[in-house]
Amino acid sequence: MSQADLPPPPPSRPRGAAAPAGRGRHRATRAGRRPLIPAALVTACVGVLVAVALTGTDVATGGTGEVRIPGGGVTTLLRSVLFAALCVQLGEVAGRRLARDVSRSLPDTPANGPRQPPEWAAGAALAGMTAALALASMAAAGDGRLAAGLPELSEIYATREGLLAFCEANGFLLAALCVFLRRPTWAAAPLAGVLVAEALRAHPENYTQALGVGLTLVHLACTVLWTGGLVHALRTMRAWHGEPGAARALLAAYARRAFWLFVALCGTGTASTLRKLPSVWSLTSSAWGRTLLVKLAVVGAVALCALVARRVLMRDRTRLTYAQVWRPTAWELAALGAVLVLSALLTAAPAPRAG
């Protein structure tokens, strides 16, 4: 073959000129930088929530004339970790069952359903157990300090809060054992015990205690399932990126259940507030009332973000991508994280007094 028969070489690109879009190392660089933005936002959001937990009690009690809460910031942070552990574990139990039901109802899906995201339940159980043990240690100390090591069991059992926190730690331990035994659904039983113990801890009063415990139990369970269910739904949608129809059906099924959780959460929260608040003026004159007002505002923001996400979901019934619903649901999830921290802050704030 002569040189004249060879095809002409491709035109050379001038030195310093940019490569075409979507080619070469520039494409890999952009693809490698995308995960950094959500990771940075999540880190910043977690940092803000930790700061709110550590400083919220001091800010709430300022100017109210109430005594400063010893160890209130650490208590709020530990209880926030405990609530987050409950969200992750119960969210996985309920979310996996929901995903299985959705996949079975759709045609042309594998027998075992699409791929599931990796489990976070074991790590969440260990984190919850550590937080509960720390709370038990602080209750046994009695001065709001977090001492190194665990006190004697007799010291923990001597206080009501220490005993309940120790029971919560045992509940998380049993949940972790269920996960290690490949029976994650069994973990729902000990985690329900943790919810009951937390509801009992929130109501030490003698009058109508059963009513208060029941309201708090339903309220906390709805908050945990709403938040944890959303976390697992987003993780499952990410794993089902090749099945847009299944992902949309999953989010729609979660949205229907989240609506009723929101209704129950608002109803029990209103009843608990009317039961505990001595007067309307306590909303601005007490740390508990101020925290409640902020929590109500954040819950309203959560509802708004949820409405935006559902509107995106219903706008296009034929196509739905993870990126389309990520932004509104990410704001909803961040606001739900703030609700958890404010709920923990309400448990550390002193109850408002009449007069």
Enumerate, atom names and distances included, each donor-acceptor pair closer than 3.5 Å involving a side-chain atom of residues 178-199, sequence neighbours excluded.
unit_1 : atom_1 : unit_2 : atom_2 : d
Glu198 : OE2    : Arg79  : NE     : 3.2
Glu198 : OE2    : Arg201 : NE     : 2.9
Glu198 : OE2    : Arg201 : NH2    : 2.9

Original post:
Tracing side-chain links under 4.5 Å among I, L, V, M, F, W and Y, which residues wind up in one group with Leu296?
Top reply: Leu277, Val280, Leu283, Trp288, Leu292, Leu293, Leu346
Original post:
Shortest non-hydrogen contact from His232 to Pro117?
Top reply: CE1-CG, 3.9 Å
Original post:
Between Tyr254 (side chain) and Trp226 (backbone), is there a donor-acceptor pair under 3.5 Å?
Top reply: yes
Original post:
Under a single-linkage definition using a 4.5 Å side-chain heavy-atom cutoff for Ile, Leu, Val, Met, Phe, Trp and Tyr, are Leu163 and Ile156 assigned to the same hydrophobic cluster?
Top reply: yes
**OP:** Specify the closest pair of heavy atoms between Phe262 and Ala303, including all atoms of both residues, with the distance to one decimal.
**Re:** CZ-CB, 3.9 Å
Original post:
For the atom pair OG1 (Thr216) and NZ (Lys276), what is the distance rounded to the nearest 0.5 Å?
Top reply: 7.5 Å
Original post:
Which atom names give the shortest non-hydrogen contact between His219 and Leu265, and what distance separates them?
Top reply: ND1-O, 3.1 Å
**OP:** Using the rule that two of Ile, Leu, Val, Met, Phe, Trp, Tyr join whenever any of their side-chain heavy atoms come within less than 4.5 Å, decide whether Val52 and Leu336 are in one cluster.
**Re:** no
**OP:** Calculate, to the nearest 0.5 Å, the distance between atoms CG and CG belonging to Leu164 and Leu135 respectively.
**Re:** 11.5 Å
Original post:
Minimum heavy-atom separation for Leu200 to Arg160, with atom names?
Top reply: O-NH2, 2.7 Å
**OP:** Report yes or no: do Leu230 and Trp331 belong to one cluster of Ile/Leu/Val/Met/Phe/Trp/Tyr joined by side chain heavy-atom distances under 4.5 Å?
**Re:** no
Original post:
Do Thr347 side-chain atoms and Ala344 backbone N/O form a donor-acceptor pair below 3.5 Å?
Top reply: yes
**OP:** Check whether any side-chain N or O of Arg235 sits under 3.5 Å from a backbone N or O of Glu119 as a donor-acceptor pair, and report yes or no.
**Re:** no
Subject >> Leu54 CG to Thr75 OG1 distance, which is reported to the nearest 0.5 Å >> reply: 10.5 Å
**OP:** Please collect all salt bridge (Lys or Arg N to Asp or Glu O under 4.0 Å) contacts where either partner lies in residues 330-341, sequence neighbours excluded, each pair once.
**Re:** Arg310-Glu332
Original post:
Is there a donor-acceptor pair closer than 3.5 Å between any side-chain N or O of Ser282 and the backbone N or O of Pro278?
Top reply: no
**OP:** Please check if the side chain of Thr291 supplies one atom and the backbone of Ala287 the other of a donor-acceptor pair under 3.5 Å.
**Re:** yes
**OP:** Calculate, to the nearest 0.5 Å, the distance between atoms CZ and CZ belonging to Arg100 and Arg96 respectively.
**Re:** 9.5 Å
**OP:** Could you tell me which non-hydrogen atom of Arg290 sits nearest to which non-hydrogen atom of Val59, and how far apart they are?
**Re:** NH1-O, 4.3 Å
Subject >> Pair Thr270, Thr273: side-chain N/O donor-acceptor within cut-off below 3.5 Å >> reply: no
**OP:** Can you measure from CE (Met129) to CZ (Phe166) and round to the nearest 0.5 angstrom?
**Re:** 10.5 Å
Original post:
Checking Arg97 side chain against Val93 main chain: does a donor-acceptor pair fall under 3.5 Å?
Top reply: no
**OP:** Say whether Leu250 and Trp120 are linked into one hydrophobic cluster, either directly or through other cluster members, by side-chain heavy-atom distances under 4.5 angstrom.
**Re:** yes
Original post:
Among the clusters formed by ILVMFWY side chains lying less than 4.5 Å apart, do Val341 and Phe83 turn up in the same one?
Top reply: no
**OP:** Please report the shortest heavy-atom distance between Ala127 and Val81, naming the atom on each side.
**Re:** O-CG1, 4.0 Å
Original post:
If you measure from CG on Leu98 to CZ on Arg257, what distance do you get to the nearest 0.5 Å?
Top reply: 5.0 Å
**OP:** Let me know which of Leu345, Thr227, Leu86 forms a side-chain contact (heavy atoms from CB on, under 4.5 Å) with Leu340.
**Re:** Thr227
